[in-house]
Undergrad: 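Please find one structure pasted underneath; my questions will follow.
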Amino acid sequence: MERYQEMIAGPAIFQMGVPAKETFPAKLFARIRSHSVRAEASAPAMYPDPRGELELRREIAASLTIARGIECLPSQILVTCGYASGLGLTLHALGLEGRKAWMEDPGFPFTRRGLELARLLPVPVPVDRDGMDVDYGLQNAPEAALAVVTPGQQAPTGTTLSLARRLRLLAWAVERGAWIIEDDYLGELQLQGPAAPALASIDRVGRVIHIGSFSKTISPTLRLGFVVVPPSLEARFTEVAACLAPPPGPSVQLATAEFICEGHFLRHLRRTKRVYAARRDALLQYLGTRADGDTVATAGLAVLVRLPDGAPDVAIVRETLPFRLSPAPLSVWYVSPMLAKPGLLLGVATCPPQYVERSCDRLFEIIHRCTSAR
Ligand SMILES: Cc1ncc(COP(=O)(O)O)c(C=O)c1O
C-alpha cells in the first residue's frame with residue numbers, strides 16, 4: 001500500500017477518491033470561510049467544545065435525517081478530521097485491542113491498516129453483489145467484537161448491503177455485544193437512484209457507530225468528517241475526543257455549517273451528481289467499444305475494468321503514471337491472496353469527457369503491453 005501511495009503525485013485522470021474541482025463553488029466557499037476566520041479571530045480565547053461546533057452538529061443532524069434516514073440529536077455527533085480520525089476516535093473509545101474485527105475483502109486499505117495500528121485483528125470477510133457476506137463472518141469468526149462495513153456503496157465494488165444482511169449483522173451485534181462501524185464515506189453521493197438509507201437508521205438498539213466524511217462531497221483538503229454515536233456512548237466519546245482526538249478548528253466547521261445551512265451544499269451535491277453521472281456514462285460508452293461488456297462495471301464513483309487472472313495491475317498502474325493517468329489497482333484492496341483479483345478502478349470524478357478517448361486508448365495500450373509481455 002505504501003508503495004502505491006508513493007507512486008501517486010497528485011490528482012490525475014482516473015484518480016479515485018478525490019472530487020472534481022470544476023463542480024465546487026470555490027469562490028463562494030472562500031468568501032464564507034473568510035467570514036468564519038474573522039469570527040474565529042475575534043472570539044474569546046477559550047477551548048472549543050470537544051465534540052465540535054454546535055452550529056455544524058445541528059446542520060449535520062438535520063441533513064442526516066433527510067438524506068440518510070438517521071434520527072439523531074446534535075449531542076450524538078462529534079466532528080472529526082475526516083473518516084480517518086473518526087475511526088481513530090472510535091477505536092480508542094471502544095477499546096477493543098486484541099479482539100477480532102470483520103472487515104470487507106476487498107475493502108478500504110486504510111481501514112485494514114487502521115485496525116492493525118489500533119491492535120485489533122482484522123478478519124477478512126468476502127463481498128459479493130449483496131455486500132459483505134455476513135454468514136461467512138458468523139461461521140468463521142462469530143466471536144469478533146467489531147465489524148467495519150461500507151453498507152451504502154461498498155468500497156471499492158459499489159454494491160449495497162442487502163436489507164436481509166443488514167438485519168443479520170445487527171442481530172449478531174446485539175447477540176454478541178459487538179459493535180458495527182458504518183463507513184458512510186460517500187453519503188448521499190450516489191449516481192444511480194436515491195441512496196439507500198444508512199444502516200444506522202434501522203439500528204434500534206444502539207450498536208452502530210456511523211462515520212461520515214466531507215472528503216468526497218466537498219473536499220479532502222478540509223479534513224472534515226463526523227461520528228454519530230448511540231446515546232449510551234456520548235460521554236465516553238466526548239472524553240476521548242477531549243483528551244486524544246479534538247475536532248478541527250472552529251472556522252472550517254462554521255464555514256461548512258453556513259455552506260449547508262444556506263442551501264449551497266445541496267445545490268453543489270445535485271450539480272456534482274449530474275456531472276459525475278455524465279462522466280461515468282461517457283466513460284462506460286467508450287469502454288464498451290474497447291472491452292467486453294462483462295469486464296467493465298460501475299463501482300460507486302469509479303468504473304471497474306476487470307483484468308485476466310494473474311494480470312499485474314500494480315505494474316500496469318505504475319506504467320500509466322508518466323502519462324498523468326492514475327487508475328487504482330484492484331488487487332491492493334484485497335486482504336486474502338486467494339480472493340484477490342486484478343483490475344483497474346477508474347475514478348469518474350477526475351475524468352472529464354474530453355479526456356476519455358485519449359486516456360482509455362493509452363490505458364489499453366499499456367494493459368496490452370503488460371499482459372502480453374508475461
Ligand atoms: C472507503 C473509504 N472510507 C473513507 C474515506 C474517506 O476518508 P477521509 O474522510 O479520511 O478522507 C475514503 C476515501 O477515499 C474511502 O475510500
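Note that this is a predicted model, so its numbers are computed, not measured.
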Undergrad: Between Glu188 and Arg68, does a salt bridge (charged side-chain N to carboxylate O under 4.0 Å, His left out) hold up when you go through it step by step?
TA: CA-CA 7 Å; Glu188 70 252 58; Arg68 313 296 297 120; 5.6 Å; no
Undergrad: Can you tell me if Arg165 uses its side chain to pair, donor with acceptor, with the backbone of Gly131 under 3.5 Å?
TA: yes
Undergrad: What's the shortest heavy-atom distance between Ala311 and Pro342, and which atoms?
TA: O-CB, 3.3 Å
Undergrad: Let me see the working for Glu55 and Arg58 under salt bridge (charged side-chain N to carboxylate O under 4.0 Å, His left out), right down to the final yes or no.
TA: CA-CA 5 Å; Glu55 287 88 337; Arg58 276 198 191 120; over 6 Å; no
Undergrad: For Asp49, give me all partners under side chain to side chain donor-acceptor pair (under 3.5 Å), at least two apart in sequence or on another chain.
TA: Arg51, Arg57
Undergrad: Dump the intermediate steps for salt bridge (charged side-chain N to carboxylate O under 4.0 Å, His left out) on Asp130 and Arg166, then the final yes or no.
TA: CA-CA 10 Å; Asp130 285 330; Arg166 288 174 188 231; over 6 Å; no
Undergrad: Could you point out which residue of Leu325, Ile316, Thr320 forms a side chain to side chain contact (heavy atoms under 4.5 Å, CB included) with Leu344?
TA: Ile316
Undergrad: Any side-chain to backbone donor/acceptor pair from Ser219 onto Ser215? Under 3.5 Å, distance only.
TA: no
Undergrad: Using the rule given for side-chain hydrogen bond (donor to acceptor under 3.5 Å, both in side chains), can you reason through Thr256 versus Gln253, listing the C-alpha separation, both sets of side-chain angles and the distance that settles it, and then say yes or no?
TA: CA-CA 5 Å; Thr256 306; Gln253 296 184 53; over 6 Å; no
Undergrad: Mind checking the CZ-CZ spacing from Arg362 to Arg324? Nearest 0.5 Å is all I need.
TA: 14.0 Å
Undergrad: So, using ring pair (Phe, Tyr, Trp, His ring centres under 6.0 Å) as the criterion, who are the partners of Tyr355 when residues are at least two apart?
TA: none
Undergrad: Carefully, step by step, assess Gln285 and Thr289 under the rule side chain to side chain contact (heavy atoms under 4.5 Å, CB included).
TA: CA-CA 7 Å; Gln285 198 181 0; Thr289 67; 5.9 Å; no
Undergrad: Quick one: does Leu199's side chain get under 4.5 Å of Leu170's, heavy atoms only?
TA: yes
Undergrad: If you measure from CZ on Phe110 to CG on Leu115, what distance do you get to the nearest 0.5 Å?
TA: 13.5 Å
Undergrad: Partners of Glu116 by side chain to side chain donor-acceptor pair (under 3.5 Å), sequence neighbours excluded?
TA: Arg113
Undergrad: In the structure I gave you, are the side-chain heavy atoms of Phe364 and Leu287 within less than 4.5 Å of one another anywhere?
TA: yes
Undergrad: Say whether Leu96 and Leu91 are linked into one hydrophobic cluster, either directly or through other cluster members, by side-chain heavy-atom distances under 4.5 angstrom.
TA: yes
Undergrad: Can Trp102 be reached from Phe108 by stepping across I, L, V, M, F, W or Y side chains whose heavy atoms are under 4.5 Å apart?
TA: no
Undergrad: Would you check, one step at a time, whether the test salt bridge (charged side-chain N to carboxylate O under 4.0 Å, His left out) holds for Glu22 with Arg279?
TA: CA-CA 12 Å; Glu22 307 80 56; Arg279 288 183 180 189; 2.7 Å; yes
Undergrad: For Gly152 versus Thr160, what's the shortest heavy-atom pair and its separation?
TA: O-OG1, 3.0 Å
Undergrad: Indicate the atoms forming the closest heavy-atom contact of Thr298 with Gln192, along with that distance.
TA: OG1-OE1, 4.3 Å
Undergrad: I would like to know whether Ser326 and Val317 meet side chain to side chain contact (heavy atoms under 4.5 Å, CB included); could you show each step before the answer?
TA: CA-CA 7 Å; Ser326 190; Val317 167; 5.7 Å; no
Undergrad: Run the side-chain donor-acceptor check on residues 70-80: report pairs under 3.5 Å with partners two or more places apart or on a different chain.
TA:
from	atom 1	to	atom 2	distance (Å)
Ser75	OG	Glu234	OE2	3.4
Gln76	OE1	Leu73	N	3.0
Gln76	NE2	Val229	O	3.0
Thr80	OG1	Gly82	O	2.9
Thr80	OG1	Gly225	O	3.3
Thr80	OG1	Phe226	N	3.4

Undergrad: Using modelled atom types and a 3.5 Å cut-off, is there a donor and acceptor pairing between side-chain atoms of Gln154 and backbone atoms of Thr157?
TA: yes
Undergrad: Do Glu182 and Ile209 have side-chain heavy atoms sitting under 4.5 Å apart?
TA: no
Undergrad: So, do Pro327 and Leu345 sit near enough that their side-chain heavy atoms are less than 4.5 Å apart?
TA: no
Undergrad: Less than 4.5 Å apart, side chain to side chain, heavy atoms only: is that true for Lys341 and Arg306?
TA: no
Undergrad: Mark yes or no for whether Thr295, through its side chain, and Ala291, through its backbone, hold a donor-acceptor pair below 3.5 Å.
TA: no
Undergrad: Can you tell if the side chain of Leu363 reaches within under 4.5 Å of the side chain of Leu346, non-hydrogen atoms only?
TA: yes
Undergrad: Do you reckon Leu146 sits in the same ILVMFWY cluster as Val335, going by side-chain contacts under 4.5 Å, direct or chained?
TA: no
Undergrad: Could you tell me whether a side-chain N or O of Glu40 sits under 3.5 Å from a main-chain N or O of Gly249, the two making a donor and an acceptor?
TA: no
Undergrad: Between Thr23 and Tyr276, is the side-chain hydrogen bond (donor to acceptor under 3.5 Å, both in side chains) condition met? List the steps.
TA: CA-CA 9 Å; Thr23 66; Tyr276 286 4; 4.9 Å; no
Undergrad: Excluding sequence neighbours, so at least two apart, what forms ring pair (Phe, Tyr, Trp, His ring centres under 6.0 Å) with His268?
TA: Phe24
Undergrad: Does the side chain of Val123 come within less than 4.5 Å of Asn140's, by heavy atoms?
TA: no
Undergrad: Less than 4.5 Å apart, any side-chain heavy atom of Arg280 and any of Leu191?
TA: yes
Undergrad: Measure the CG-CG distance between Leu244 and Leu89 for me, rounded to the nearest 0.5 Å.
TA: 9.0 Å
Undergrad: With side-chain hydrogen bond (donor to acceptor under 3.5 Å, both in side chains) as the test, would you mind laying out the steps for Tyr286 and Asp361 before giving the verdict?
TA: CA-CA 10 Å; Tyr286 192 68; Asp361 287 350; 2.7 Å; yes
Undergrad: Would Asp105 and Ser336 count as a side-chain hydrogen bond (donor to acceptor under 3.5 Å, both in side chains) here? Give the steps.
TA: CA-CA 7 Å; Asp105 193 14; Ser336 320; 2.7 Å; yes
Undergrad: Would Ile181 and Leu120 show up in the same hydrophobic cluster when neighbours are defined by side-chain heavy atoms closer than 4.5 Å?
TA: yes
Undergrad: Pair Thr350, Ile13 - check side chain to side chain contact (heavy atoms under 4.5 Å, CB included), show working.
TA: CA-CA 5 Å; Thr350 47; Ile13 304 289; 6.0 Å; no
Undergrad: Check whether Glu104 reaches the backbone of Thr150 with its side chain - one donor and one acceptor, N or O, closer than 3.5 Å.
TA: yes
Undergrad: Can you pull the side-chain hydrogen bond (donor to acceptor under 3.5 Å, both in side chains) pairs that have at least one residue in residues 167-180, sequence neighbours excluded?
TA: Asp135-Arg168
Undergrad: Is a donor on one side and an acceptor on the other found under 3.5 Å between the side chain of Asp313 and the backbone of Gly343?
TA: yes
Undergrad: I'd like to know if the side chain of Thr65 and the backbone of Ala61 have a donor-acceptor N/O pair within less than 3.5 Å.
TA: yes
Undergrad: In terms of hydrophobic clusters joined by side-chain contacts under 4.5 Å, are Leu169 and Met103 together?
TA: no
Undergrad: Check whether Tyr185 reaches the backbone of Gln153 with its side chain - one donor and one acceptor, N or O, closer than 3.5 Å.
TA: yes
Undergrad: Ser251 side chain to Ser36 main-chain N or O, any donor-acceptor pair under 3.5 Å?
TA: no
